[in-house]
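Numbers restart at 1 for each chain; the letters A, B, ... are given by sequence-line order, proteins then strands.
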Amino acid sequence: MNVIETHGLGKRYGRTWALKDAALAIPAGYVVALVGPNGAGKTTLLHMSVGLTRPTTGQVTVLGSEPAGSPAALDQIAFVAQDAPLYKYLSTADMLHLTRNLNRRWDQRRAEGRLKELLIPLNRKVGKLSGGQQAQLALTLALARRPQLLVLDEPLASLDPLARHDFMASLMAAVAEDGLSVVLSSHVIADLERVADYLIVLSHGQVQVAGEVEGLLAGHSTLTGPAAAADDVTERLAVVHASRAGTVAHLLVRNKTAAEPVPPGWEAHPVGLEELVLAYLRAPGAAALPGPVTRATQDSGIRA
Amino acid sequence: MTAVAAPAPPASGPRPVPWTKLVWVTWRQHRMALAGVAALLGGLGLYLLIMGLKIHSGYASVTSCHPAGSAACGLADQLFTNDYYPFAQTMTGFLQVLPALVGVFVGGPALARELETGTFRFAWTQGCGRMRWVIAKLVLLGIAVTAAAEAFSLLFSWYFQPWLTKGLDGVLAPQLFDLRGVDFAAWTLLAFALGVAAGALIRRTVPAMAAALAAWTGLDFATFMFAREHYQAPLVAAGAEANTRSFANDWSWAQWYTGPNGKPVSQQTIRNVMAHAPASVQNSRNPDAATAYLSAHHYTQWWLYQPVSRYWHFQLIEGGWLLALSLILVVATVWLVRRRAA
């Protein structure tokens, strides 16, 4: 089952396309990192997936074949919007009560237990909680709904490093406990490196990379060698991004076969997730997409 | 996306969140606004109650004054009126804006605050869906402000009744018409509906409240200036007939004179004619004397009026179109919420 599936999905605001012709099939059971620079279309994609925004073109279905925003979809998807908007004038306890009354399924014991662990007092006004506590409360409310899919839009953006760490730890504990699928967006890749096992890179409203993290890392490597020979190598290999420092060139290449031979005089290194994402973001024309019908095949794979 | 609006989900879909839960949500989110309305109407209501008791007891002693028609009783009546009537009139002036204050205060922020602060992204992605959420809010809050306004209006009617019985004002008079009957509540509902619609459209609390207030004031003004007199074709009274029937209870808003040729003449012409009248006519306290003198010279006074017997008919016409307009606005608001993108 795909937790989110899109076909030709596009959203236009005025004359600008926030997202264009997105074809995605995110399988269940992953923690999906949706990364890209600000304005890449991450929020637009997530909002369309949870039924907040209507697509201009194409369709998005969730949890198999439910239309995004349908009663069944709303019932099983929990969404935490950017900056975790909650009712600041309510107490934490009332915020729980409110969310319970807005949903069919609700696990009060779990919600209260989590807040107790996090030392978030039930009688305090939401607006008086710290940013980290508000984010944790929003996560708690989402998890107490017992969703199949949890969607988080920039959950870490407004948190300090300690709160970020705590938030991710809570999230991963919940994932391990419930086995739910998670899609979370961020413009800071480092935060997601340890947790994500599926990666989507969005850039300028286009899906640039989509795939399992393990496969993506295995499928790419960095070659270090003489800058003079770089052009020669670039011609033969699928170079995503090249950088030169003096006489030394670093090439991030996509391996065409499983065990691609390293050109003589060059050294191959494995790539990190951040390195991979940055290389693709610096090369807007490059794409690494799965499946038979993607832009990648139309554009004959990799261009640098 | 069409499934969002479906009142009942397909058989395979989940059972919707019961309305009773949404009643609690609405109450919890808007109880401060409702408490504000209760405080405002309650405070004013308490004042009307205290003053009303004084007026009613004062009026009772005036009517039971013995011997009726004596100079002492006349004086008592005069003092009673002087004591309470001027302020009752001021009160009616002040209360004209109350429906707008109540309706816009509750309706304006109801959706605009969610849209302004971004909490709608929380509310609209919960299991109940945005349609149930918005319908529960609009229906419950609409009923609450309308009911509170009607209760206040009934209290005001009781408070003001002695002056109506004394014939100092007619119930069709513009400053009283929209404080009594169903009109006060209907104008309050309209202010609420304008508030929520403006909130959904403008998405900012203060501008939405200002826009709703402006729209309400414009409609209210246009209604009593131009529309209300046309709910039913007005009657015309002429000459002596106009004098024999007192217009205290009827609503007359236009008077004019016609001359010997049957064409309207100016007030100045009438003053010129009257200047030649004998002193007995000019100094007469009986208006019939002047009317008779003018009539003898072929000048006739005309009155355009709505008889007091049409009061409830007018109330229902105005209440009806206000209710219809409010419902249209509420439906439009629900439609805006359904379509609204994040």
Rounded to the nearest 0.5 Å, what separation is found between the [atom1] atom of [X] and the [atom2] atom of [Y]?
| X | Y | atom1 | atom2 | result |
| --- | --- | --- | --- | --- |
| A/Asp153 | B/Arg121 | CG | CZ | 8.5 Å |
| A/Leu86 | B/Thr117 | CG | OG1 | 10.0 Å |
| A/Leu74 | B/Trp124 | CG | CH2 | 12.5 Å |
| A/Leu98 | B/Phe122 | CG | CZ | 6.0 Å |
| A/Arg100 | B/Trp24 | CZ | CH2 | 8.0 Å |
| B/Lys21 | A/Arg104 | NZ | CZ | 9.5 Å |

Handout entry: Structural part of B/Gln29 lying under 4.5 Å from a heavy atom of chain A
Key =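 Backbone plus side chain of B/Gln29, per the 4.5 Å heavy-atom cut-off to chain A.
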Problem - Lys NZ or Arg CZ of B/Arg113 over A/Tyr89 ring: under 6.0 Å, within 45° - result: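 Checked: cation-pi criterion met.
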Practice task
Heavy-atom distances under 4.5 Å only: say whether A/Leu141 touches chain B with side chain, backbone, both or neither.
Solution key: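 When you check distances to chain B, only side chain atoms of A/Leu141 fall under 4.5 Å.
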Problem - Proximal component of A/Arg105, with respect to chain B [non-hydrogen, under 4.5 Å] - result: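 It is neither, since no heavy atom gets under 4.5 Å.
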Practice task
For A/Asn103 and B/Gly127, indicate whether the former's side chain and the latter's backbone hold a donor-acceptor pair under 3.5 Å.
Solution key: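 At least one qualifying donor-acceptor pair exists.
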Exercise for the section: State which residue, out of A/Leu52, A/Leu102, A/Val80, fulfils the side chain to side chain contact (heavy atoms under 4.5 Å, CB included) condition with B/Thr125. Expected result: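 Filter result, single survivor: A/Leu52.
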